[in-house]
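Lettering of chains follows the sequences in order, A, B, ..., and the numbering in each one begins at 1. Quick caveat: nothing in here was measured; it's all calculated off a predicted structure.
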Number of protein chains: 2
Amino acid sequence: MARIVEFDQELAVRRAMEVFWEKGYKGASLRDLTKAMQINPSSLYNTIGDKQELFVRCIRRYTDDRKEYIAQHAASSRSPLQTLKLFLDDAVTNVITGERSCLAIKAAFEVAGEDERIKSILKDDEDAMYRFLRSLLAKAMKQGEIRKEDPELITDYLLSAYTGWHESFILHRDPVKIQRMARYVLKQLSR
Amino acid sequence: MARIVEFDQELAVRRAMEVFWEKGYKGASLRDLTKAMQINPSSLYNTIGDKQELFVRCIRRYTDDRKEYIAQHAASSRSPLQTLKLFLDDAVTNVITGERSCLAIKAAFEVAGEDERIKSILKDDEDAMYRFLRSLLAKAMKQGEIRKEDPELITDYLLSAYTGWHESFILHRDPVKIQRMARYVLKQLSR
DNA sequence: TCTTTTCTGAAACGATCATTTCAATATAAG
DNA sequence: CTTATATTGAAATGATCGTTTCAGAAAAGA
């Protein structure tokens, strides 16, 4: 037979993801990408495909990481409200420590209007997060940990707020502002 | 003396704005731009400047339009709550009828991390909106039209939600979802 | 070891990028 | 009308874009 593929695809995609994350889809050149991936363009095209396909893989990798996060917290033994608090803490941390914001949100605004595959992956990602939060909120309400309301509305509210926090942090770089908003969300829920 | 500038700069910038709005900063080529502006690249460089400068002008034009909107509603004779309702209606309409989302938000996520001038303009824009809403909310609270709360927090909440609505609409294209969220906001305020 | 298959690296591909050049053109002042 | 100055359109600039080509290196089976 013949030679075997030498480079680690998973690692290479992870490295490409970092480049897309920082520069955006259009802002990342194939030179940037292949340099970070430490492979030759020919290797990229022989294995993964073109730039668009690589981006799809990167977005999938990013959202898969989130799916894992959700799975972990969904199986948690903590109380719903405690899980929710942890989730909000992580959300705040994500916003105020990420230099380059959130890859999924950036991709939504940059290319989801033109690229159906990307849009579909991001939609699935949001849906998964939606189901997780809705179920969490429903449980917390049932157990009387938070005020009873339409859990779907609250979920939409949380997801919207998270996106807004990212934009706010890009413009103002004010961690306290984000933390205050998160605290307010929690206060409103338990009030 | 000499020849006078022939093309209408204001109109040309407006046309360029549409291109940036649709394709993003990096996605818009100078061919796209000058074709839409109906001018020659040399005219662009002799009057406005390079691509970045043109983008700055476009973003300024966009945010100036918003400033005008704010000024109109700030001087309105309606009650604070009525103005707020109108504002929310406009926000929903903006989200669910705009094919290309919001130029300011897209620019924030695409370039505000790297371009200080753009970031500064967008920050000023957000600050203006912030002051308008805060004052509106404070008045509405004073007059007992809505529940008394920290008006700054509610303002942050509203602005965050607006950004999130845009992302939601890009992914789901569900107008009813946006309308429900807006109605929920209002319900929560007056409750 | 030899053959066969496949991957890798360097180079080159045409296309398009943002930007500049410059001669022809148009206008206002003298 | 002439002259001086500025704008315009067409073309070309070098750089960079995403992608492909291809010879040579590498590995597995015979």
Side-chain angles (χ1 to χ4, degrees), chain A residues 1-60 103 106-107 110-111 114-118, chain B residues 1-60 103 106-107 110-111 114-118:
Chain A
M1 285 288 168
R3 230 174 129 179
I4 213 158
V5 181
E6 280 180 8
F7 73 95
D8 181 346
Q9 275 206 38
E10 174 123 352
L11 179 61
V13 167
R14 274 225 140 75
R15 284 168 169 164
M17 187 184 79
E18 299 290 329
V19 178
F20 279 129
W21 199 341
E22 191 181 318
K23 308 200 168 195
Y25 175 68
K26 284 156 189 161
S29 76
L30 256 127
R31 279 174 179 76
D32 296 331
L33 292 163
T34 50
K35 189 186 167 193
M37 298 166 84
Q38 298 176 31
I39 62 168
N40 201 272
S42 66
S43 297
L44 172 63
Y45 279 82
N46 272 332
T47 52
I48 292 168
D50 63 10
K51 188 187 180 186
Q52 195 180 216
E53 185 65 42
L54 175 61
F55 191 56
V56 167
R57 299 259 192 126
C58 291
I59 295 289
R60 245 203 290 267
L103 176 58
K106 288 175 88 168
E110 188 189 355
V111 298
E114 320 156 10
D115 190 323
E116 278 300 321
R117 294 172 69 195
I118 296 293
Chain B
M1 284 289 164
R3 235 174 125 178
I4 214 156
V5 181
E6 280 180 6
F7 72 95
D8 181 346
Q9 274 206 37
E10 174 121 353
L11 179 60
V13 167
R14 273 225 140 77
R15 284 167 169 165
M17 187 184 80
E18 300 289 329
V19 178
F20 279 130
W21 198 343
E22 190 179 320
K23 307 199 168 194
Y25 176 68
K26 283 155 188 160
S29 76
L30 255 120
R31 277 178 178 76
D32 297 331
L33 292 163
T34 51
K35 188 185 166 194
M37 299 166 82
Q38 299 175 33
I39 61 168
N40 200 271
S42 67
S43 296
L44 172 63
Y45 279 81
N46 271 334
T47 51
I48 292 169
D50 62 10
K51 189 187 178 183
Q52 195 180 214
E53 184 64 40
L54 175 62
F55 191 56
V56 167
R57 298 259 192 127
C58 291
I59 295 289
R60 241 201 294 267
L103 176 57
K106 287 175 89 169
E110 189 190 353
V111 298
E114 321 155 11
D115 190 323
E116 278 301 320
R117 294 171 69 197
I118 296 294

Rounded off to whole Å, could you give me the NZ-to-P distance for the K51(A) and dG18(D) pair?
4 Å
Nearest-nucleotide wise, let me know which of L30(A) and S42(A) is further upstream toward the 5' end of DNA chain D.
L30(A)
Quick one: do the S29(B) and D32(B) side chains pair a donor with an acceptor below 3.5 Å?
yes
Would you kindly give the CG-to-C1' distance between L44(A) and dG9(C), to the nearest whole Å?
14 Å
dC17(C) OP1/OP2 closer than 4.0 Å to side-chain N/O of S29(B)
yes
Send over the distance from N40(B) CG to dT25(C) P, rounded to a whole Å.
15 Å
Quick one: I39(A) CD1 to dG9(C) P, roughly how many Å, whole number?
9 Å
Return the 5'-most residue of the pair F7(A), G27(B) with respect to DNA chain C, ranking by each residue's nearest nucleotide.
F7(A)
So, is S43(B) near the phosphate of dT8(D), with a side-chain N or O under 4.0 Å from OP1 or OP2?
yes
Would you mind reading off the distance between M37(B) atom CE and dA18(C) atom C1', rounded to a whole angstrom?
14 Å
Please tell me if Y45(A) has a side-chain N or O lying less than 4.0 Å from either OP1 or OP2 of dT20(D).
no
Between R14(B) and E10(B), does any NZ, NE, NH1 or NH2 come within less than 4.0 Å of an OD or OE carboxylate oxygen?
yes
Check whether any side-chain heavy atom of F20(B) lies under 4.5 Å from a side-chain heavy atom of L54(B), and answer yes or no.
yes
Please report the distance, rounded to the nearest Å, between CG in N46(B) and P in dT7(D).
6 Å
Send over the distance from R31(A) CZ to dA11(C) P, rounded to a whole Å.
13 Å
Expressed in angstrom and rounded to an integer, what is the separation of K26(A) atom NZ from dG18(D) atom C1'?
15 Å
Tell me yes or no: between the side chains of R117(B) and Q52(B), is some donor less than 3.5 Å from an acceptor?
no
